[in-house]
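Proteins get letters first, then strands, A, B, ... in listed order; numbering begins at 1 in each. Reckoned from all heavy atoms, side chains included, excluding hydrogens, waters and symmetry mates.
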There are 2 protein chains.
Amino acid sequence: MAGVEKGPDWDEICKEFEAYLERCGQRFTKQRQIVLKAVSFAGTHMDAEEILQQAKKIDSSIGFATVYRTLQLMTAGGILAELNFGGERRSFEVVGGGSEHHDHLICTDCGAFVEFFDSEVEELQERIAKKLGFTLTGHRMDLYGNCVRGENCPRRRKQ
Amino acid sequence: MAGVEKGPDWDEICKEFEAYLERCGQRFTKQRQIVLKAVSFAGTHMDAEEILQQAKKIDSSIGFATVYRTLQLMTAGGILAELNFGGERRSFEVVGGGSEHHDHLICTDCGAFVEFFDSEVEELQERIAKKLGFTLTGHRMDLYGNCVRGENCPRRRKQ
DNA sequence: TTCGCTGCAAAGGATTTGCATTCTA
DNA sequence: TAGAATGCAAATCCTTTGCAGCGAA
């Protein structure tokens, strides 16, 4: 069943990151909290620039280095996933903190963006991996298409 | 059914690129042929550096600029698809010239790489896109997992 | 007091661009 | 011959790193 994703729970995600940091003997500093807050803020994927801007609203002294270092940590800790949509710059989205896994559907005309979850896809992927002799640990699936708005789409990029 | 992909046919892919260039009022130059040859050579994805090296074997005077410009053209023309596997540098693979579409399965331990095609996946994706009000034009699906070789894998990166 | 963390600035790497020259239709 | 395409080098853009000072256990 295709449906809409559930957002991450702040407390849970916070706890998760803190636990990861502790496991690595690292500290859950003010800046790391701010970056975490910044990246969960939008509820969708953001690139480093956007995350920095958001973080700066909370503490303007934060710099790129801290943001990048924190993003790396959070990705390693399974709090964030890294996304790359064709040609665009690297971006990140929350996958920890009880946020449900989802895939993406992107309109190539206007950039409209839908996140969805489909259990059939998940099962099928398991079966495929198994058949090919792999133990599945993760996946990403991006669908590209044109949204219903078609030629009337206000954000349409090309005619 | 999961299976192995079919490689591109050189004549067909050549014709396809030439037709695209003609449509855009551009020329099918010697260098563009060489880059095309270079990227179809390996039969799998290659990054710009690898493509340049391959191209230089045919004509050592070719430079990065030409390679990048040509890759961009070929991607726009639907001859190549751009790939980004987590964190690694951008790479490209042939999707035109009658090469069959496929998805990827990557071992996160050793980098083992399998290309597969599964018609159930294709159908399912169509259904999902339709349900969400999109006309599907393309997709990519990457599965991550651990290959059978497990701890005995000679190329294993981490213990 | 120690060791990790931060911010700054500089370094690094990949990709793109400007320009004079060369090539192709 | 005109407009494109090329190769070089310089410029950009994104990301990482080095380092001195700051902060938390």
Side-chain angles (χ1 to χ4, degrees), chain A residues 17-39 45-77 80-92, chain B residues 14 17-39 45-77 79-92:
Chain A
F17 189 28
E18 192 170 8
Y20 172 73
L21 290 172
E22 188 157 16
R23 250 180 289 140
C24 304
Q26 307 215 54
R27 297 169 188 166
F28 192 34
T29 61
K30 184 169 120 280
Q31 287 87 342
R32 287 175 182 175
Q33 280 193 49
I34 292 174
V35 174
L36 185 55
K37 209 166 268 172
V39 76
H45 61 289
M46 300 168 81
D47 61 35
E49 173 78 38
E50 293 168 329
I51 294 165
L52 177 67
Q53 292 319 322
Q54 202 56 45
K56 273 186 180 298
K57 288 185 191 169
I58 304 174
D59 178 345
S60 64
S61 71
I62 282 187
F64 259 118
T66 301
V67 167
Y68 275 111
R69 281 188 280 233
T70 307
L71 290 175
Q72 208 164 286
L73 268 176
M74 296 200 287
T75 305
L80 295 184
E82 199 186 313
L83 303 174
N84 280 86
F85 300 114
E88 285 174 21
R89 74 176 75 166
R90 194 146 75 107
S91 59
F92 300 83
Chain B
C14 223
F17 189 28
E18 192 168 10
Y20 171 74
L21 291 171
E22 188 156 17
R23 253 179 286 139
C24 304
Q26 308 214 55
R27 297 169 188 165
F28 193 35
T29 61
K30 184 168 120 283
Q31 286 87 344
R32 287 176 182 175
Q33 281 192 50
I34 292 173
V35 174
L36 185 55
K37 207 165 272 172
V39 76
H45 61 289
M46 298 168 83
D47 62 34
E49 172 78 36
E50 293 169 329
I51 294 166
L52 177 68
Q53 293 318 322
Q54 202 56 46
K56 273 186 180 302
K57 288 186 189 168
I58 305 174
D59 179 345
S60 65
S61 71
I62 283 189
F64 259 119
T66 301
V67 168
Y68 275 112
R69 280 187 281 234
T70 307
L71 290 175
Q72 207 165 287
L73 267 176
M74 297 200 287
T75 305
I79 314 296
L80 295 185
E82 199 186 313
L83 302 175
N84 280 88
F85 301 114
E88 284 174 23
R89 72 174 79 165
R90 194 145 76 109
S91 60
F92 299 84

inquiry  = For a quick check, with a 4.0 angstrom heavy-atom cut-off, what is the B/S/- contact string for nucleotides 2-9 of chain C, read 5' to 3'?
reply    = -BBSBBB-
request  = Check whether any side-chain heavy atom of B:Leu21 sits under 4.5 Å from a side-chain heavy atom of B:Arg27, and report yes or no.
outcome  = no
key: Separation of B:Leu80 CG from B:Met74 CE (nearest 0.5 Å)   = 4.0 Å
ask   = Quick one: are A:Val35 and A:Phe17 in side-chain contact, heavy atoms under 4.5 Å?
value = no
key: Note, B:Met46 side chain near B:Phe92 side chain (heavy atom, < 4.5 Å)   = no
ask   = Does some side-chain heavy atom of B:Asp47 sit less than 4.5 Å from a side-chain heavy atom of B:Arg90?
value = no
request  = May I have the distance from A:Leu71 (atom CG) to D:dC14 (atom P), rounded to whole angstrom?
outcome  = 15 Å
request  = Measure from CZ on B:Phe64 to P on D:dC13 and round the result to the nearest Å.
outcome  = 20 Å
ask   = What is the distance, rounded to the nearest whole Å, between atom CG of B:Leu52 and atom P of C:dT15?
value = 12 Å
task = Evaluate the side-chain proximity of B:Glu18 to B:Arg32: yes if any heavy-atom separation is below 4.5 Å, no if none is.
result = no
Check the interface with nucleotides 12-14 of chain C: list each N/O to N/O pair with the protein under 3.5 Å, or write none.
unit_1 : atom_1 : unit_2  : atom_2 : d
C:dA14 : OP1    : B:Arg89 : NH2    : 3.0

Could you tabulate the donor-acceptor pairs under 3.5 Å formed by side-chain atoms of residues 51-72 of chain B, not counting sequence neighbours?
unit_1  : atom_1 : unit_2  : atom_2 : d
B:Gln53 : NE2    : B:Glu49 : OE2    : 2.9
B:Lys56 : NZ     : B:Ser60 : O      : 3.2
B:Lys56 : NZ     : B:Ile62 : O      : 2.8
B:Asp59 : OD1    : B:Ser61 : N      : 2.9
B:Asp59 : OD1    : B:Ser61 : OG     : 2.8
B:Asp59 : OD2    : B:Lys30 : NZ     : 3.2
B:Thr70 : OG1    : B:Thr66 : O      : 2.7

query = Between the two ends of the helix from C:dT1-D:dA25 to C:dA25-D:dT1, what is the bend in degrees, rounded to 10 degrees, where each end axis spans five pairs?
reply = 30°
ask   = Nearest-Å distance, CG (A:Asn84) to P (D:dC14)?
value = 14 Å
Rounded interatomic separation in angstrom, taking CD from B:Glu18 and C1' from C:dA25 = 13 Å
inquiry  = Could you report the tightest heavy-atom contact between B:His45 and B:Glu50, atom names first, then the distance?
reply    = O-OE1, 4.2 Å
key: From B:Asn84 atom CG to A:Phe85 atom CZ, the distance as rounded to the nearest 0.5 Å   = 11.0 Å
